[in-house]
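As the structure lists them, so they are numbered: ligands from 1, and atoms in each ligand from 1. When a residue number appears, it is its place in the shown sequence, counting from 1.
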Amino acid sequence: MNALHDRGVISRYREFLPVTDATPVVSLNEGSTPLIHSPKLSKIVGRGAEVYVKYEGLNPTGSFKDRGMTMAISKACERGVKAVICASTGNTSAAAAAYAARADLACAVLLPAGKIAAGKLLQAFIYGAKVVAIDGNFDDALRLVRELGADGRFEIVNSINPFRIEGQKTASFEIIEELGDAPDIHILPVGNAGNITAYWKGYCEFRDLGRATKRPRMAGFQAAGSAPVYLGHVVENPETVATAIRIGNPASWDGAKAAVKESDGCVDIVTDEQILDAQRWLASEEGIFVEPASAASVAGLMKCFTEEGRATCPFRNFPEGAKIVLTVTGHGLKDPEAPMVHGFKALEAKADAGAVAKVLGVE
Ligand SMILES: *Cc1c(COP(=O)(O)O)cnc(C)c1O
């Protein structure tokens, strides 16, 4: 293959993934996303800590779901599948639809009616998926997908598909390679809990292979109104502005529990207000615009390391100069409505330099 034709995660990490020469690689050059140093978050944490933001919104469809989808769709093609199906809060369907389009597979997506961010819904349509809005929430949609996938008419490409987790673990590999070792703490949002499961798997594998000397403590953050892992029970009617983590019964619940237990980590919650404030803060202070679910990582870091939070934070005794990585999972442009709670409004002026200077206060 021409080296320029595939720069995605399968070609970069082939030896660590369950692929063979018989696997047709379906890729959009996903992965290799920037790990951006944040001076301001580092300062908030203090004690010489270095905080990095893994900006997964820069994947081809705007979220980390592409890492898993290149694997799931490639393996579906290898098996000769003709159609794939998924339940989604929006980003899984965007990724499934795009990769299915590239592979000439039919794609059906089941979405909770009225609960999908505008950009994500548009993505499913434009990539050519068949979109079914169901009268229920994500957990209902996933139950239906399990039923419809059971008889082999469709390949399920939700994160219950183990190839999704395999693809997603490559984010840990990239972080280790870029930092030269694993970080001390890794913070990420938790919805269906596939991603925390995948990151932990990636960190464990590279440590076991001697490519890292340690593994990070994993910190997962859920939205307060949608926090089954934190609460330890299913949430029947999950609610949060962070629609990508609006999940009451996570498919990879056990994976999340294992990651937290084995890494001496934690699962905690942040409120919608904290999420929306953190989203705005990251954009206006560091120039990184992420969707609300992604901002749960930032809100979580702030909760842990501000004055009040520090007293009870499980990481308060972090080593001097600790490296902390936050995954921000999806691009802010996917959901243009949620941040409008801030009431953004343009200043108005006549088309006249003097009038503009006046509203800008630089007369
Ligand atoms: C899918 C998703 C999550 C949640 O990831 P899980 O693997 O379901 O825990 C968080 N943020 C964004 C933007 C997502 O698309």
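- Residue Gly194 places at least one N or O, backbone or side chain, under 3.5 Å from an N or O of ligand 1.
- The shortest heavy-atom contact between Lys54 and Tyr199 is CG-OH, 4.2 Å.
- With ligand atoms numbered from 1 in the order given, ligand 1 contributes 11 (N) to contacts under 4.0 Å with heavy atoms of Ala293.
- For the pair Arg310 and Phe305, the cation-pi criterion (under 6.0 Å, within 45° of the ring axis) is not fulfilled.
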(request) Take Glu30 and Asn59, measure what side chain to side chain donor-acceptor pair (under 3.5 Å) needs, and give me the verdict at the end. (result) CA-CA 5 Å; Glu30 62 293 316; Asn59 275 296; over 6 Å; no
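- The backbone N or O of Ile245 lies less than 3.5 Å from a partner atom in the side chain of Ser226, making a donor-acceptor pair.
- Residue Val190 approaches ligand 1 through these ligand atoms, each under 4.0 Å from one of its heavy atoms: 9 (O).
- The shortest separation from a heavy atom of Ser159 to ligand 1 is not under 4.0 Å, leaving the residue out of contact.
- At under 3.5 Å, not a single nitrogen or oxygen of Phe64, backbone or side chain, sits near a nitrogen or oxygen of ligand 1.
- Side chain to side chain, Thr33 and Glu56 meet the donor-acceptor criterion of an N or O pair below 3.5 Å.
- Among Lys65, Lys334, Gln123, the single residue meeting the side chain to side chain donor-acceptor pair (under 3.5 Å) criterion with Asn91 is Lys334.
- Of all atoms in ligand 1, numbered sequentially from 1 with element shown, those under 4.0 Å from a heavy atom of Glu291 are 13 (C).
- Remark: minimum distance from atom 8 (O) of ligand 1 to any protein heavy atom is reached at Asn192 N, 2.7 Å.
- Under the 30°/60° scheme for interplanar angles, the aromatic rings of His186 and Tyr203 are found to stand perpendicular.
- Below 3.5 Å of separation, one finds no N or O of Ser294 facing any N or O of ligand 1.
- Using a 4.0 Å cut-off to heavy atoms of Asn91, the atoms of ligand 1 that qualify are 12 (C), 13 (C), 14 (C), 15 (O).
- Near Lys65, meaning under 4.0 Å from any of its heavy atoms, are these atoms of ligand 1: 1 (C), 2 (C), 3 (C), 14 (C), 15 (O).
- Close approach to Gly330 involves these atoms of ligand 1, each under 4.0 Å from a residue heavy atom: 13 (C).
- Residue Ile245 places no N or O, backbone or side chain, under 3.5 Å from any N or O of ligand 1.
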